[in-house]
Trainee: 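A single structure is presented below for examination.
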Amino acid sequence: MISLPRALADQLLALAEAAYPDEACALLVGQGECITRIVPAENVAPDPRRHFEVDPATQIRLRRALREAAGPEHPPEEKLPRERLLGHWHSHPDGRAEPSATDAASAYEPDLLWLISSVTAGKAMLPAAFAFQSGGFTPLALQIV
Ligand SMILES: [Zn+2]
C-alpha cells in the first residue's frame, strides 16, 4: 500500500493541469511506502504532448542530494527508513490513468513506482499507481492520507 499525503496529491494535480495539453512529470521521494516529497521535473521528451521524459539533470541532482543526506553509513539501530527515490509520476492528457505502450517500452528501472494521472479537458484526476516487474505493470493500491 503506497500512501500519498493529500497536499502532495493536490500538487500533482496542479502540475498536470498547468502542463495540459502536454504531459507533466515529477520525481517522487519517499520513506518506506510513503511518498514524502514531490520534485517537479521538466518534460524533455521531443513530443511532450504524447510522451514524457524526466529531465535527467533533475534526476541526477536529486539522487546526489539523497545520497549526501543519507551519509556513508546506515546505522542498524535507525528506526525510520531513509528518504529515497521511490518513483515518478506523469500525466496522460486526455488519456487513461494506465501505462501506455510507450511507457512499457521505456520502463527500465524495475524498482521504481509509477504514478499516472489522467487529465480530461484540462481537469486532472488523482493518480493510479503501478509497479513494473518482470516486463509488465501491476496495479498497486494507493491511499490518499
Ligand atoms: Zn505515459
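Below, all heavy atoms of this structure are taken into account, side chains as well, without hydrogens, waters or symmetry copies. Bear in mind that the values here come from a model prediction, so they are computed numbers and not experimental data. Both ligands and their constituent atoms are indexed starting at 1 by order of listing.
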Trainee: Whether the E83 and T36 side chains hold a donor-acceptor pair (N or O, under 3.5 Å, no angle test) is what I'd like checked.
Mentor: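 Side chains of E83 and T36: pair found under 3.5 Å.
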Trainee: Between atom CG of L4 and atom CG of D10, what is the distance when rounded to the nearest 0.5 Å?
Mentor: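 It is 9.0 Å, given to the nearest 0.5 Å.
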Trainee: How many angstroms lie between CD1 in I144 and CG in L126, if you round to the nearest 0.5 Å?
Mentor: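 That separation rounds to 5.0 Å.
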Trainee: Could you pull out the N/O/S protein atoms under 2.8 Å of the Zn ion (ligand 1), ignoring any water?
Mentor: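 Protein N, O or S atoms closer than 2.8 Å to the Zn ion (ligand 1): H90 NE2, H92 NE2, D103 OD1, D103 OD2.
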Trainee: For a quick check under 3.5 Å, do H90 and H88 share a side-chain donor-acceptor pair by atom type?
Mentor: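 The answer is no; no qualifying pair exists.
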Trainee: Would D22 and H51 count as having a side-chain donor-acceptor pair, cut-off 3.5 Å?
Mentor: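 No pair is found: no donor N or O on one side chain lies under 3.5 Å from an acceptor on the other.
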Trainee: With a 4.5 Å cut-off on side-chain heavy atoms, are L15 and I38 touching?
Mentor: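 Yes, at least one pair of side-chain atoms sits under 4.5 Å.
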